[in-house]
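Each remark here refers to the structure printed beneath this line.
All residue numbers refer to positions in the sequence shown, counting from 1. None of the values given here were measured: they were computed from a predicted structure.
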Amino acid sequence: TESEGTNGVRKLKYVGTNGIITVNPHPCVKSGEAFAIPLKRCKKVGSSDITPQVPGRGDELFVLVAGVNAVEFRTYSDFCFFTDSPAKCIKWTGIVNP
């Protein structure tokens with residue numbers, strides 16, 4: 001017999017009338033809510049993607065943390081998530097487990 005069991009999957013895929021629908025859990029989405037976005041109609045726009053090079057800081061990747069024996073790694077970005085079809089984005093609320 002097994003001493004441990006696992007139930008669940010990392011993502012779900014459904015076949016809908018408009019194509020395949022992929023469901024991914026994300027830690028930044030509150031419990032009881034869900035979002036649907038057309039990924040093919042979305043893009044990142046802005047002046048900088050995520051990079052470890054902070055403008056004006058040179059090639060310094062690690063920064064000493066004041067007051068403790070630690071270092072931190074900082075990243076820089078200047079972009080936003082953009083869709084040219086906002087009417088196709090959906091937010092569901094009030095989702096509860098039976």
Side-chain angles (χ1 to χ4, degrees):
T1 63
E2 295 290 327
S3 62
E4 184 177 322
T6 303
N7 188 11
V9 293
R10 295 191 192 278
K11 64 181 174 181
L12 300 172
K13 287 191 176 185
Y14 295 99
V15 177
T17 56
N18 294 329
I20 295 176
I21 301 165
T22 304
V23 179
N24 292 320
H26 195 279
C28 290
V29 177
K30 288 194 265 183
S31 180
E33 294 185 355
F35 296 91
I37 54 173
L39 291 177
K40 292 181 181 177
R41 309 291 296 188
C42 298
K43 56 189 164 191
K44 291 191 298 186
V45 296
S47 63
S48 175
D49 203 359
I50 299 173
T51 176
Q53 303 300 323
V54 179
R57 300 283 297 190
D59 293 334
E60 187 178 322
L61 291 178
F62 296 99
V63 179
L64 293 173
V65 180
V68 292
N69 186 18
V71 294
E72 60 185 27
F73 179 75
R74 295 183 182 176
T75 59
Y76 172 81
S77 64
D78 182 27
F79 67 87
C80 69
F81 185 70
F82 178 79
T83 179
D84 57 0
S85 302
K88 295 180 181 177
C89 298
I90 304 167
K91 177 182 179 183
W92 287 285
T93 60
I95 301 170
V96 295
N97 291 329

Per-pair distances, 0.1 Å, donor-acceptor, side chain in residues 16-25, under 3.5 Å, sequence neighbours excluded:
none

What are the two closest non-hydrogen atoms of Phe79 and Ser48, and how far apart are they? CD2-O, 3.5 Å

Could you check whether atom OH of Tyr14 has more than 12 heavy atoms from other residues, nucleotides or ligands sitting under 6.0 Å from it? no

Quiz: residues 84-91 side-chain donor-acceptor pairs under 3.5 angstrom, not counting sequence neighbours:
| from | atom 1 | to | atom 2 | distance (Å) |
| --- | --- | --- | --- | --- |
| Asp84 | OD1 | Arg41 | NE | 3.4 |
| Ser85 | OG | Arg41 | NE | 3.2 |
| Ser85 | OG | Arg41 | NH2 | 3.4 |

If every non-hydrogen atom of Phe62 is compared with every non-hydrogen atom of Phe73, which pair is closest and at what distance? CE2-CD1, 4.0 Å

For the hydrophobic clusters of this structure (ILVMFWY residues joined by side-chain heavy atoms under 4.5 Å, transitively), does one cluster hold both Val63 and Val65? no

Closest heavy-atom pair and its distance - Ile50, Thr75: CG2-CB, 4.2 Å

If you take all heavy atoms of Lys44 and Asp49, which pair is closest and at what distance? NZ-OD1, 2.7 Å

Looking at residues at least two apart in the chain, or sitting in another chain, which of them share a side chain to side chain donor-acceptor pair (under 3.5 Å) with Asn69? none

